[in-house]
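Here the structure is a predicted model, which is why all the values come from computation and not from measurement. Proteins come first, then strands; the chains are lettered A, B, ... in the order of their sequence lines, and each starts at number 1.
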There are 2 protein chains.
Amino acid sequence: MTEPKTQGPAVSTRAAKKQARDGKGNATIYDIAKVAGVNPSTVSRALSKPGRVSAKTQKLIEDAAAELNYRVNPFARALPTGRTNTMGLIVADITNPTFFDIIRGAETTGTARDYTLVLAESAESAETELTAARRMLTTADGLILASPRMDDDDIRALAADKPVVVINREVEGVPCVIPDVRKGIGEAVRSLAANGHKKLAFVAGPARSWMSARRWEGVQAACEWSHVDAVRVESTKPTVDGGRQVARDVLATKATAVLTYNDLLAIGLMQELQAGGMVVPDQISIVGFDDIFGADFTTPPLTTVRSPLGECGSGAATVLLDVLHGGKEPTAPLRVETELVLRGSSGRLLPPS
Amino acid sequence: MTEPKTQGPAVSTRAAKKQARDGKGNATIYDIAKVAGVNPSTVSRALSKPGRVSAKTQKLIEDAAAELNYRVNPFARALPTGRTNTMGLIVADITNPTFFDIIRGAETTGTARDYTLVLAESAESAETELTAARRMLTTADGLILASPRMDDDDIRALAADKPVVVINREVEGVPCVIPDVRKGIGEAVRSLAANGHKKLAFVAGPARSWMSARRWEGVQAACEWSHVDAVRVESTKPTVDGGRQVARDVLATKATAVLTYNDLLAIGLMQELQAGGMVVPDQISIVGFDDIFGADFTTPPLTTVRSPLGECGSGAATVLLDVLHGGKEPTAPLRVETELVLRGSSGRLLPPS
DNA sequence: TTGTAGGCGTTATCAC
DNA sequence: GTGATAACGCCTACAA
């Protein structure tokens with residue numbers, strides 16, 4: 001590198017490096033054993049379960065390991081044990097910001113406990129999802145499924161193999177982390193009712209989405225309680241574009257307030273309505289779901305029912321790791337709370353002038 | 001296990017499953033060999049490199065494998081070969097949408113070539129980044145570093161071990177994928193100049209960011225060409241919040257147009273300026289960088305210099321996989337083009353009324 | 001407490 | 001073209 005003629009730089013060095021330490025690759029427990037003057041199995045014990053070895057030898061071995069810059073070979077370890085210190089996470093759509101916080105939450109708590117996160121995307125397809133899940137389970141110690149689209153039975157089949165935790169959906173017999181939508185939706189509907197709204201439209205999400213069904217139930221219940229009419233509108237896809245497309249149907253309902261399956265739909269819907277000359281919230285109130293990144297970029301900023309996504313991700317990871325470490329599988333779903341984030345896109349209806 | 005009392009559901013079933021196939025775990029090439037009546041090593045050959053075995057035996061083996069529902073054990077395979085069909089990706093901040101598209105691009109092209117993506121975050125710390133990178137390299141076949149913060153030498157050290165590809169930064173001797181900022185910045189500055197702007201402020205990114213330096217250079221060059229004054233303003237962090245904080249300094253420059261290191265800064269800056277009563281773009285034009293998710297949520301929607309992030313991710317993955325498959329390391333950086341996305345946050349300056 | 005020996009599932013290097 | 005056999009690096013009874 002420091003020499004004049006730097007031709008194929010990295011490649012050649014790579015080969016050289018491999019040849020270090022007497023022509024072998026990385027240091028092994030055998031090398032440590034030799035240096036420390038003990039048996040390889042003692043090294044193994046000292047390095048995996050401290051305490052099963054005398055303090056003296058322990059130190060001897062640790063020093064030798066440090067000196068040789070030893071690092072375990074994960075594959076060699078995985079072969080007999082099957083454990084890889086790895087957890088898989090499958091999301092429906094990597095670019096959907098809903099999952100960003102989930103990913104981060106899982107990654108952070110995983111890393112904190114020395115687990116690596118392996119990520120895959122299902123592209124909103126139940127089939128791709130199952131394939132990815134199967135593939136991951138061959139190498140990962142456990143799996144987190146965020147808003148899975150596959151059947152309950154498929155999920156249970158996976159869970160029968162290795163620990164699985166589901167986010168945003170309840171599957172009997174499998175540990176789940178689910179936002180409890182009632183509080184947040186209740187707050188949203190009450191706020192809308194207090195502002196004089198009598199009819200509310202709910203823009204639903206994907207048909208296979210368990211969460212969409214729960215949210216619709218929650219909306220109906222809250223509306224009944226607050227004496228508000230609730231009508232349901234179907235969307236084509238849970239994206240900004242889907243929100244634009246559904247605008248026409250929403251208007252047709254004559255509802256003065258809209259609650260959408262997620263923020264993306266809300267943002268698209270708002271854009272389309274505003275483009276059509278409507279004033280938000282003077283002529284129509286819009287409330288989203290999740291409080292994703294960017295929800296407050298809009299004008300007016302989006303009122304939304306926040307799901308603590310990061311908490312879901314870290315909660316799922318925690319449950320998974322606990323089970324992996326011999327803990328019992330939680331029998332009841334881990335519920336996290338939702339809350340209304342009141343911003344500018346909802347409010348009092350202005351009388352038509 | 002198959003008995004009536006199914007208490008802890010998943011757990012117990014899991015144990016049962018493990019016991020299938022004569023008490024052993026999954027089918028191995030030995031099982032296949034037995035069924036097909038050949039030697040295990042022949043099975044190995046047939047399954048890994050088709051063609052080294054007679055067509056007849058090949059079929060025999062494949063049938064047996066299918067029947068036994070055989071799947072390779074990645075660890076066993078990795079042990080002798082060291083290959084894992086895995087590539088690592090390290091990003092500075094998982095929740096920064098700049099990286100979303102990069103992640104997706106890498107994941108998609110990786111999956112297409114049967115590689116799994118392993119993800120880690122450095123939390124904007126050079127140290128954490130290096131640690132994560134080292135850890136990944138023990139298990140992954142190669143590494144993609146997106147906007148790395150560590151030293152060039154550290155990167156080269158990693159690259160000396162296994163193939164590494166860098167995104168958003170140029171490191172001598174290491175394959176890189178970098179957006180060429182000149183075109184996009186040129187378009188932006190010319191557009192601003194055409195709208196009568198005479199003085200432009202550039203809000204810089206992190207001091208360690210290679211990209212920030214390139215963008216500042218590009219801005220200076222383009223401004224010189226267009227006879228526009230360019231002044232540089234430092235930011236505390238490349239986030240929405242950082243954008244808000246820098247607003248005061250930006251105003252102090254008396255510049256009528258601002259180009260920020262990234263969209264996040266631009267959005268925060270715009271929010272703060274608007275909160276202070278300024279009208280964008282009538283009183284000040286704002287142009288961001290990257291065209292991240294949500295850049296068009298703002299009012300006015302953000303004008304920005306788009307970097308093809310997804311392309312960067314998939315390009316990096318492609319380069320990495322090519323090298324992994326025996327290709328030569330590209331000697332020159334892979335350059336992708338930037339372009340101005342003209343939206344509402346930039347335009348003609350209105351005379352003070 | 002420590003050493004011995006066998007195995008985890010695959011690939012690679014030989015012979016045949 | 002195919003079969004035997006030795007690694008690969010670590011774990012874990014079992015024995016000492």
Side-chain angles (χ1 to χ4, degrees), chain A residues 18-62 64-65 68-86 137-139 141, chain B residues 18-62 64-65 68-86 137-139 141:
Chain A
K18 273 268 189 243
Q19 292 304 318
R21 199 189 63 88
D22 292 7
K24 319 271 298 183
N26 284 317
T28 73
I29 53 174
Y30 286 82
D31 302 317
I32 298 181
K34 213 164 291 175
V35 172
V38 297
N39 189 282
S41 64
T42 307
V43 176
S44 172
R45 276 190 287 261
L47 262 29
S48 46
K49 326 181 160 161
R52 309 263 333 120
V53 117
S54 77
K56 197 173 68 181
T57 13
Q58 180 78 30
K59 172 152 177 46
L60 221 52
I61 290 172
E62 280 173 357
L68 292 174
N69 188 18
Y70 167 83
R71 278 172 307 179
V72 290
N73 179 326
F75 314 121
R77 170 172 289 181
L79 199 41
T81 63
R83 311 219 23 233
T84 61
N85 268 44
T86 272
L137 270 197
T138 70
T139 72
D141 291 343
Chain B
K18 274 269 189 239
Q19 292 304 318
R21 199 190 63 87
D22 292 9
K24 321 270 297 183
N26 285 318
T28 74
I29 54 174
Y30 285 82
D31 301 318
I32 298 181
K34 213 164 290 175
V35 172
V38 297
N39 189 282
S41 63
T42 307
V43 176
S44 173
R45 274 190 290 260
L47 261 29
S48 46
K49 329 184 155 152
R52 308 268 326 126
V53 115
S54 78
K56 199 174 68 179
T57 357
Q58 180 77 30
K59 174 151 177 45
L60 221 52
I61 291 172
E62 280 173 357
L68 292 175
N69 188 19
Y70 167 83
R71 278 173 307 180
V72 289
N73 179 327
F75 315 122
R77 194 209 287 276
L79 199 39
T81 63
R83 310 217 28 234
T84 60
N85 268 42
T86 270
L137 271 196
T138 70
T139 73
D141 291 342

Check side-chain hydrogen bond (donor to acceptor under 3.5 Å, both in side chains) between [X] and all other residues, then give those that pass, not counting sequence neighbours.
| X | result |
| --- | --- |
| A/T57 | A/S54 |
| A/K59 | A/D63 |
| A/R83 | A/Y115 |
| B/T84 | B/D141 |

Nearest-Å distance for atom pair [atom1]/[atom2], residues [X] and [N]:
| X | N | atom1 | atom2 | result |
| --- | --- | --- | --- | --- |
| B/F75 | D/dA7 | CZ | C1' | 20 Å |
| B/I32 | C/dT11 | CD1 | P | 11 Å |
| B/N73 | D/dC10 | CG | C1' | 14 Å |
| A/K34 | D/dC10 | NZ | P | 13 Å |
| A/L68 | D/dG9 | CG | P | 14 Å |
| A/L60 | C/dT1 | CG | P | 16 Å |
| A/D31 | D/dG9 | CG | P | 9 Å |
| B/R77 | C/dT10 | CZ | P | 8 Å |

- Query: So how far is it from A/L60 CG to A/I32 CD1, rounded to the nearest 0.5 Å?
  - Reply: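 So the CG of A/L60 and the CD1 of A/I32 are separated by 11.0 Å.
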
- Closest to the A/V53 side chain, choosing from D/dC11, D/dG9, C/dT2: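 Nearest nucleotide to the side chain: C/dT2.
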
- Query: For the side chain of A/T57, counting heavy atoms from C-beta on, which of C/dG9, C/dT2, D/dC10 is nearest?
  - Reply: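 The answer is C/dT2.
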
- Item | B/L47 to B/Y70 - nearest heavy-atom pair and separation |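 Of all heavy-atom pairs spanning B/L47 and B/Y70, the closest is CD2-CE2, 3.6 Å.
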
- Task: Search all heavy atoms of A/A36 against all heavy atoms of A/A64 and return the closest pair with its distance.
- Result: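 Looking at all heavy atoms of both residues, the shortest contact is CB-CB, 4.2 Å.
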
- Message: Before you tell me yes or no, could you show the steps for B/T42 and B/V53 under side-chain contact (heavy atoms from CB on, under 4.5 Å), namely the whole-Å CA-CA distance, both residues' side-chain angles and the distance that decides it to 0.1 Å?
- Response: CA-CA 7 Å; B/T42 307; B/V53 115; 3.6 Å; yes

- Query: Hey, does A/Y30 reach any base, or is it just sugar-phosphate, or nothing, if we go heavy atoms under 4.0 Å?
  - Reply: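 Base contact.
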
- Five-pair end axes of the helix from C/dT1-D/dA16 to C/dC16-D/dG1, angle between them (10°):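 Rounded value for the end-axis angle: 30°.
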
- Tell me which residues in residues 36-48 of chain B put a heavy atom below 4.0 Å from DNA chain D, sorted by number, or none.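 Those residues whose heavy atoms fall under 4.0 Å from DNA chain D, taken from residues 36-48 of chain B in numerical order, are B/V38, B/N39, B/S41, B/T42, B/R45.
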
- Would you find a donor on one side and an acceptor on the other, under 3.5 Å apart, between the side chain of A/Q58 and the backbone of A/A46?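 Such a contact is found between A/Q58 side chain and A/A46 backbone.
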
- Does a side-chain N or O from A/S54 land closer than 4.0 Å to OP1 or OP2 of C/dT2, or not?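 Result: yes.
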
